[in-house]
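Lettering of chains follows the sequences in order, A, B, ..., and the numbering in each one begins at 1.
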Amino acid sequence: MARSRNRLNNEINAGSMADIAFLLLIFFLVTTTIAEDKGVLVLLPPWSNEPPETKNLKTRNVYSVLVNADNQLLVRGQPMGIDQLKDNAKKFIRNPQGQEDMAESPDQALISLKNDRGTKYKTYISVYNELKAAYRELRDEESEKRYGKKFEFLNKDQQRNIIKEIPLVISEAEPSAYGEEN
Amino acid sequence: MQFEKKRGKAQPAISTASLPDIIFMLLFFFMVVTVLRDTEEKVSYITPSASELTKLERKSLVNTILIGRPKDKYQKTYGSKPRIQLGDKFSDVTDIPLFLEEHRETVPEKQQGLIMTSLKVDGDVTMGIISDVKTALRKAGQLKVNYSAKVKERK
């Protein structure tokens, strides 16, 4: 009898355990910032000291985008708003009507992006984003047509085929020195 | 008769014995998920928003370069021009190769090709400083770059 009572007394009261755990839980809840790090992925061209070899590109295949220090766009010699850029770029790359002054085929199209040193980063990113969006939509459309699925749901081989068909080529020139802030 | 008596006597209390376990489970979840911020951000930056985003997968393979204006308390010493922050200190473009090399040494050789640089840049900074950083990254052979941005809905 005495023995069994002793054992009873030795049991730790676990009733407060929940409270302690709650306290810790609330601490971690408050300190947690579930950092979802996302961003626009870019692959920079490797550096070389020699001047790049000049390729003779047909003007019709080059989609030149200039962004000046006042954050205005000049696309193939015409001023344009950022909101029109995506559709315009898509039309240029796809060239559904086979127009003379647009890309011969999507895999020959090249986007040339140039900005000033005074261009705002915000503008630069939205331009880059629109161009990427144009390519994503083109790839999605092509995938839908061929495989009936969106690009991201295709398997590796199918994706490779589409990428070969519509490669994303954005060439960035060295920025000109206008509008640098002091 | 005996049966009925027992039933009427008291409502059995819900056992709370498993409550600590449940709470501990939650606790461990949050402990694992929590990333305690290890460096102080000395520049203020508000990243722009974009829709074509890629998620940064593995934290250990990412190094971060911050660009923005120094926070108020540092403006006295560092001025208000946009500055680069590497690790926890203000730096120059010339410090980038060393910074990248230091990070590269912590990564196993097999995965060194997967290292990515996350550029967290204030939207109002002009491209001059960013071009310089890009050139430095290219010279250092660090070509995978992720311009950190907020999520914007696709139109």
Side-chain angles (χ1 to χ4, degrees), chain A residues 14-49 67 69 83 86 115-126 128-133 135-137 172 174-175 177-182, chain B residues 16-17 19-24 26-27 29-31 33-37 47-56 59 62 64 67 81-82 116 118-132 134-135 137-152 154-155:
Chain A
S16 54
M17 187 95 104
D19 300 341
I20 299 164
F22 256 125
L23 212 78
L24 282 167
L25 176 65
I26 288 162
F27 167 73
F28 278 99
L29 262 172
V30 171
T31 50
T32 302
T33 43
I34 301 180
E36 274 264 289
D37 242 347
K38 287 181 168 183
V40 183
L41 189 66
V42 169
L43 201 63
L44 300 176
W47 179 265
S48 74
N49 286 317
V67 193
D83 44 339
K86 186 174 78 184
N115 55 272
D116 289 339
R117 287 179 74 90
T119 307
K120 279 228 163 86
Y121 176 67
K122 225 190 282 181
T123 319
Y124 171 79
I125 284 296
S126 43
Y128 210 103
N129 188 55
E130 291 302 303
L131 294 172
K132 266 193 112 166
Y135 269 99
R136 179 182 53 78
E137 287 187 8
E172 288 184 69
E174 279 295 305
Y178 293 115
E180 171 97 274
E181 68 185 317
N182 295 305
Chain B
T16 53
L19 193 61
D21 300 340
I22 297 164
I23 302 302
F24 264 117
L26 280 169
L27 176 66
F29 169 73
F30 277 100
M31 277 176 76
V33 167
T34 303
V35 197
L36 290 174
R37 189 156 279 170
T47 51
S49 43
S51 60
E52 310 301 309
L53 299 179
T54 316
K55 210 167 148 190
L56 283 179
K59 278 274 154 62
V62 173
T64 310
I67 304 173
K81 263 182 80 173
M116 200 170 305
S118 168
L119 282 178
K120 296 192 173 163
V121 186
D122 189 85
D124 286 323
V125 169
T126 54
M127 285 304 288
I129 190 167
I130 298 159
S131 303
D132 294 341
K134 264 161 73 181
T135 310
L137 288 173
R138 285 172 61 196
K139 281 184 177 165
Q142 173 58 49
L143 304 176
K144 278 189 177 171
V145 171
N146 191 301
Y147 296 114
S148 192
K150 290 194 201 71
V151 184
K152 186 171 74 179
R154 284 175 182 167
K155 276 176 272 179

*asked:* Counting only non-hydrogen atoms closer than 4.5 Å, does A:Y124 touch chain B with its backbone (N, CA, C, O), its side chain (CB onward), both, or neither?
replied: side chain

*What residue in A:L44, A:V67, A:I125 has the most heavy-atom pairs under 4.5 Å with chain B?*
A:L44

_Among the listed options B:A50, B:S118, B:G123, the residue most often paired with chain A at heavy-atom distances under 4.5 Å_ = B:G123

*Apply side-chain contact (heavy atoms from CB on, under 4.5 Å) to B:L53 and A:V40, showing your working.*
CA-CA 5 Å; B:L53 299 179; A:V40 183; 4.1 Å; yes

*Name the region of A:L41, side chain, backbone, both or neither, that has any atom closer than 4.5 Å to a heavy atom of chain B.*
both

_Contact check, side chains of B:N146 and A:V42, non-hydrogen atoms, under 4.5 Å_ = no

*asked:* For a side-chain contact (heavy atoms from CB on, under 4.5 Å) check, start with the C-alpha distance between A:D116 and B:M127, then their side-chain angles and the critical distance, and finish with the verdict.
replied: CA-CA 7 Å; A:D116 289 339; B:M127 285 304 288; over 6 Å; no

*asked:* Are A:L43 and B:K144 packed together at the side-chain level, in the sense that at least one heavy-atom pair is separated by less than 4.5 angstrom?
replied: yes

*Can you tell which part of B:I130 gets under 4.5 Å to a heavy atom of chain A, answering side chain, backbone, both or neither?*
side chain

*asked:* For a 4.5 angstrom cut-off between non-hydrogen side-chain atoms, does B:D132 reach A:R117?
replied: yes

*Partner set under side chain to side chain donor-acceptor pair (under 3.5 Å) for A:T123, not counting sequence neighbours*: A:N71

*Would a 4.5 Å heavy-atom cut-off, applied to side chains only, mark A:W47 and B:T135 as touching?*
yes

